[in-house]
Amino acid sequence: MNEQEDIFSSVDEISLVRWLLADMHDDLAGKVSRFKQLEDLCSALGRGGTLMPGGEVVFKAWSEARASFVHGNYIATVMLCQSIAENILAAHLATFLHLDEPPPNRPAFRATLDRCVADGVVTVDDAVGLRKLMSLRNPLSHYRDLSDPANLSRRVLETQISADEHLFRDASFSIGMTVRLLSLPAFSLSGRTILDEDVG
């Protein structure tokens, strides 16, 4: 007998398939509803698609954020959306603007956002939304005790709304804000080309 056999699961493949199918079936109506919500949001990106400065990290984060939202992984959605916003804006500044004065290698998000507002990449209203996204992400990434208004348990106690509902609302806002960012003129490819931007 192989001495290492006991480190592997004794569950057979058929049982694993049953569990996977049950997991896929759970909340199927909710998944379909969130997928439709996501598709409606993404119609704002237009037929031309969007430019995603930031390389593989941004592309993978966007793919995973969409999947996370559809499957009800709300905390992951919020955190991934913040990552997308931070990477896209910093990469945009590093690539297209102020080549004589490049941003630092590890810029702070607040500084990046302020610079993007000053350069007209995002509007003041967009910046308000992006700061809210950051405020939703921070208490999920960093510990907040019950005295902090951003603590999820405190929000539940104060509003008598379930944690799942709070997280769903936070994730809906986050994915919507991300789509809003991707649809801004600096990133939207609908109705124009890179050459149009260069000539304009």
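Values below: all heavy atoms of this structure, side chains included; hydrogens, waters and symmetry mates excluded. The first residue of the sequence shown is numbered 1, and numbering continues consecutively from there.
Between H92 and F187, the angle of the ring planes goes over 60°, which puts this pair in the perpendicular group of the 30/60° scheme.
Checking side-chain atoms of T50 against main-chain N and O of L182 turns up a donor-acceptor pair under 3.5 Å. Side chain of S135 to main chain of K132: a donor-acceptor pair is present (N/O by atom type, distance under 3.5 Å, no hydrogens or angles). In terms of modelled atom types and a separation under 3.5 Å, the side chain of T77 and the main chain of F69 share a donor-acceptor contact.
Taken from CE in M177 to CZ in R131, the straight-line distance is 11.0 Å, to the nearest 0.5 Å. Atom CG of L113 sits about 10.0 Å away from atom CG of L133, to the nearest 0.5 Å. Rounding to the nearest 0.5 Å places CD1 of I88 at 9.5 Å from OG of S83. One finds the CZ atom of R34 at 13.5 Å from the CG atom of L41 (value rounded to the nearest 0.5 Å). Taken from CZ in R154 to CG in D148, the straight-line distance is 7.5 Å, to the nearest 0.5 Å. Here CG of L181 is found 9.0 Å from CD1 of I84. Values are rounded to the nearest 0.5 Å.
Annotation for E158: atom CD counts as buried by contact number, over 12 foreign heavy atoms lying within 6.0 Å. By the neighbour-count criterion of 12 heavy atoms within 6.0 Å, atom CZ of F109 is densely surrounded, having more than that number from other residues, nucleotides or ligands.
For the pair Q82/N138, no side-chain contact is recorded, criterion being any heavy-atom separation below 4.5 Å from C-beta on. Put simply, the side chain of R155 reaches to within 4.5 Å of the side chain of D170, judged on heavy atoms. Proximity of T123 to L184: side-chain heavy atoms (C-beta onward) are nowhere separated by under 4.5 Å. Here the side chains of V58 and P53 are not in contact, with every heavy-atom distance at 4.5 Å or above. Between V179 and W62, some side-chain heavy-atom pair lies under the 4.5 Å cut-off. In this structure, the side chains of L152 and P139 stay at 4.5 Å or more apart for every pair of heavy atoms. No side-chain heavy atom of F173 sits under 4.5 Å from any side-chain heavy atom of F168.
With sequence neighbours excluded, the residues that form a side-chain hydrogen bond (donor to acceptor under 3.5 Å, both in side chains) with T159 are H166.
Salt-bridge formation is detected for the pair D40/K36: a Lys NZ or Arg NE/NH1/NH2 atom is positioned less than 4.0 Å from an Asp or Glu carboxylate oxygen.
Residue pairs meeting the side-chain hydrogen bond (donor to acceptor under 3.5 Å, both in side chains) criterion with at least one member in residues 172-184, sequence neighbours excluded, are Q37-S172, D126-R180.
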CA sep, side-chain torsions, deciding dist, call: M134, R110, side-chain contact (heavy atoms from CB on, under 4.5 Å) = CA-CA 9 Å; M134 182 171 57; R110 289 183 192 278; 3.4 Å; yes
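For S153 against L146, the heavy-atom pair with the smallest separation is CB-CD1, 3.9 Å. In terms of heavy atoms, C81 sits closest to A65 at SG-CB, 4.3 Å. Across all non-hydrogen atoms, the minimal contact from V156 to S162 is CG2-C, 4.0 Å.
When the side chains of ILVMFWY residues are joined at heavy-atom separations under 4.5 Å, either directly or via intervening members, Y143 and L167 end up in two distinct hydrophobic clusters. Linking ILVMFWY side-chain heavy atoms closer than 4.5 Å, directly or via other members, places Y74 and I175 in a single hydrophobic cluster.
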